[in-house]
Amino acid sequence: MSKMELRLDATLEQILELARWAPSGDNTQPWRFEVLDERRLVVHGHDTRDHCVYDLDGHPSQMSIGALLETMAIAASTLQLEMRAMRHTDTPDTRPTFSIEFLPAPDLEPDPLADAILARSVQRRALGRRALTAAEKSALNIALPAGYRVHWLEGSQRGAAARLMFRNAKLRLTMPEAHRVHKSVIEWNARYSEDRMPDQALGADPMTTKLMRWVMQDWRRVHFFNTWLAGTLAPRLQMDLIPGLACAAHFVLVAERRPQRMDDYIAAGRAMQRFWLTATAQGLQLQPEMTPLIFSRYVREGRVFSATPGMQERAAELSRQGAALVGQQDWEAAVFMGRIGAGEPAASRSLRRPLRDLLVPAGSP
Ligand SMILES: Cc1cc2nc3c(=O)[nH]c(=O)nc-3n(C[C@H](O)[C@H](O)[C@H](O)COP(=O)(O)O)c2cc1C
C-alpha cells in the first residue's frame, strides 16, 4: 500500500494528528506509524544514538516515544477509546516498536489534558520570576503517575541551577561532537521548522543568532571564536544564565526506582508529558534542561563522550555540582529536568512533519 493509497480511518487520523505533536529531543520525531486497520496500528520508533551525543543509549528518544504514547492515549480518551500498548520485545533496543489498539470505552472520562496538546511548546526565553503558587505546584505534583515526584529548586537554588546550566553550556559549546549535532538540528533564519528547531526558538538575540549561524558553519570558526573571542559567552548568557535566573523555579523529576531498562524510559516519557501538559494547562511555560543529566550518566558509567582532552573532567565536575544541588540519590534517579514559570508562549517553535510523511506501508520492518 503506498502512502497515496492509504485510507486512514477518520477517528484514527484524529488521534494521530494530535499525537504527532508530542515533544521529542531536538524535534527528531523518532516515530513512524503503520496502520493495520481502523483501531490498530504499529508504532515504529527509532533513536539517534549513532550520531547524537545527547541520545545516550537512546534514552531521550525512548522518553520522546513515551510522550507520544501518552499523547495518543489522551487524544483517544476524548473519543471514548481506551488505548492498549504492547511493546515488541523481539525488536532491537534501537527500534522500540509497539502494537497499539484502541478499544471502545463508553464510560471513559475524556482527559482534560487533551486541550493542552497543541498549545504545549518549549519556551527557551525569560519567564516570570514569581514563585509558583501552591495550587500550581499541587496540580503539577498530582499530574505525575505513581513512582515519580518533583524535586523543586527555588529561591537561592534557582541561581545555583542557572550557574550549573551556564557551566554545562560551556561544555556543549566547546565540544566538536555536540557541534555536529547542533549544526544538523537547527534550521537557520526560521521562525518555524517541521523537522528541526528554528533558530529563533533558541533564545538568543537576533545579532547573536546571526553570529552563531556564521560561526557554526565550520568547527574551525567555532574553535577560533571560543579560544580568542570568548565565543561561548554571549550565547551562554542569553541561552542559559539569564533564562536560568528568569523563571519561577527549576525542577527535577525523580523516579522512585532508578531507571534502567527501556520500559523505564518509556514510562518516564509518559510522566514527563503529563507534567508538561499540566504546566501548559496552568498557563505555565517550560524548558527541558536535560544535558547535565546526560553528561552525568556518561561520567557515572565511565563512558567517554568526547575525543577532546579535558571534557570528561569538566563533565565530572558538573556532575558533582548537580549532585550537590539535588542530593546524590535524586540526581542519579532523575529522569527529567527543566525550568518553569509563568510567561508568554514561544513566538517561534518547532512544527511537525505532516502525518502523511509519518505513515509507513503495512509490513514495514
Ligand atoms: C526527551 C527530551 C529532551 C529535551 N531536551 C531539551 C533540552 O535539553 N533543552 C531544550 O531547550 N529543549 C529540550 N527538549 C525540547 C525539544 O527540543 C522540543 O520539545 C522539540 O524541539 C519540539 O518543540 P516543541 O516542544 O516546541 O513542540 C527536549 C525534549 C524532549 C522530549
Side-chain angles (χ1 to χ4, degrees), residues 18-31 45 47-49 52-71 96 116-125 127 161 164-165 168-169 171-173 178 181-182 184-187 190-204 235-236 238-240 243-244 247 250-253 259 264-277 279-280 285-297 322 334-340 344-353:
L18 283 173
R20 73 192 174 91
W21 287 94
S24 53
D26 296 337
N27 198 25
T28 44
Q29 304 161 62
W31 43 68
D47 66 45
T48 59
R49 70 180 88 180
C52 176
V53 66
Y54 302 126
D55 204 5
L56 175 55
D57 295 328
H59 292 161
S61 289
Q62 291 160 13
M63 287 186 65
S64 307
I65 293 163
L68 172 87
L69 297 182
E70 188 61 32
T71 316
I117 292 173
L118 296 177
R120 185 218 52 79
S121 175
V122 56
Q123 173 55 289
R124 299 190 179 88
R125 293 182 188 272
L127 301 169
L164 179 75
M165 293 311 296
N168 175 70
L171 187 67
R172 297 197 303 118
L173 297 177
V181 176
H182 300 160
S184 68
V185 297
I186 298 173
E187 183 164 340
R191 181 171 176 191
Y192 302 111
S193 175
E194 270 188 10
D195 58 351
R196 281 163 288 163
M197 293 178 292
D199 58 351
Q200 291 169 27
L202 298 179
R236 287 197 297 141
Q238 292 173 25
M239 297 197 293
D240 296 277
C247 60
H250 296 253
F251 63 85
V252 182
L253 296 195
D264 300 334
Y265 287 94
I266 298 281
R270 295 187 76 149
M272 167 194 78
Q273 177 68 339
R274 293 202 73 80
F275 185 84
W276 200 340
L277 289 172
T280 305
Q285 306 297 329
L286 182 157
Q287 179 186 6
E289 298 172 321
M290 288 295 279
T291 52
L293 297 180
I294 295 164
F295 288 129
S296 288
R297 205 161 69 79
V335 290
F336 189 58
M337 179 174 173
R339 50 188 275 277
I340 191 166
E344 291 297 309
S348 161
R349 68 164 298 175
S350 292
L351 302 178
R352 297 294 186 274
R353 295 174 192 274

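First listed ligand is number 1; within each ligand, the first listed atom is number 1.
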Close side-chain approach of Ser121 to Pro345, heavy-atom, < 4.5 Å: no
Arg196 touching ligand 1 at heavy-atom level, < 4.0 angstrom: no
Thr28 OG1 to Arg353 CZ distance, which is reported to the nearest 0.5 Å: 9.0 Å
For atom 23 (O) of ligand 1, closest protein heavy-atom neighbour: Ser350 CB, 3.5 Å
Verdict with reasoning, Met290 to Met272, per side-chain contact (heavy atoms from CB on, under 4.5 Å): CA-CA 12 Å; Met290 288 295 279; Met272 167 194 78; over 6 Å; no
Distance-only polar pair, side chains of Ser193 and Glu187, donor-acceptor under 3.5 Å: yes
Heavy-atom nearest neighbour in the protein, as seen from atom 12 (N) of ligand 1, with distance rounded to 0.1 Å: Arg124 NH2, 3.5 Å
Atom indices of ligand 1, in the order listed, that fall short of 4.0 Å to a heavy atom of Gln287: 10 (C), 11 (O)
Ser24 contact mode with ligand 1 (heavy-atom cut-off under 4.0 Å): backbone
Ligand 1-proximal atoms of Arg352, by part, heavy-atom distance under 4.0 Å: side chain
Distance from atom 25 (O) of ligand 1 to nearest protein heavy atom, with residue and atom: Arg120 NH1, 2.9 Å
Nearest neighbour in protein (non-hydrogen) for atom 10 (C) of ligand 1: Pro288 O, 3.5 Å
Mutual orientation of the aromatic rings belonging to Trp276 and Phe336 [parallel < 30°, tilted 30-60°, perpendicular > 60°]: tilted
Nitrogen or oxygen atoms of Val122 and ligand 1 under 3.5 Å apart: yes
Side-chain touch Arg172/His182, heavy atoms, less than 4.5 angstrom: yes
Contact check: Trp21 vs ligand 1, nitrogen or oxygen atoms, below 3.5 angstrom: no
For Pro60, the ligand 1 atoms whose distance to one of its heavy atoms is below 4.0 Å: 1 (C)
Subset of ligand 1 atoms that lie under 4.0 Å from at least one heavy atom of Met272: 31 (C)
Met290 N/O under 3.5 Å from ligand 1 N/O: yes
Heavy-atom nearest neighbour in the protein, as seen from atom 30 (C) of ligand 1, with distance rounded to 0.1 Å: Gly25 N, 3.6 Å
Any side-chain donor near an acceptor of the partner, Gln287 and Arg339, under 3.5 Å: yes
Beyond-backbone contact of Arg352 with Asn27, side-chain heavy atoms, under 4.5 angstrom: yes
Any N or O of Arg349 closer than 3.5 Å to N or O of ligand 1: yes
For atom 19 (O) of ligand 1, closest protein heavy-atom neighbour: Pro23 CB, 3.4 Å
Ser64 heavy atom under 4.0 Å from ligand 1: yes
Ile117 CD1 to Thr71 OG1 distance, which is reported to the nearest 0.5 Å: 5.5 Å
Side-chain touch Leu351/Trp21, heavy atoms, less than 4.5 angstrom: yes
Non-hydrogen side-chain atoms of Val53 and Val181 separated by less than 4.5 Å: yes
Top protein contact for atom 26 (O) of ligand 1, by heavy-atom distance: Ser121 OG, 2.7 Å
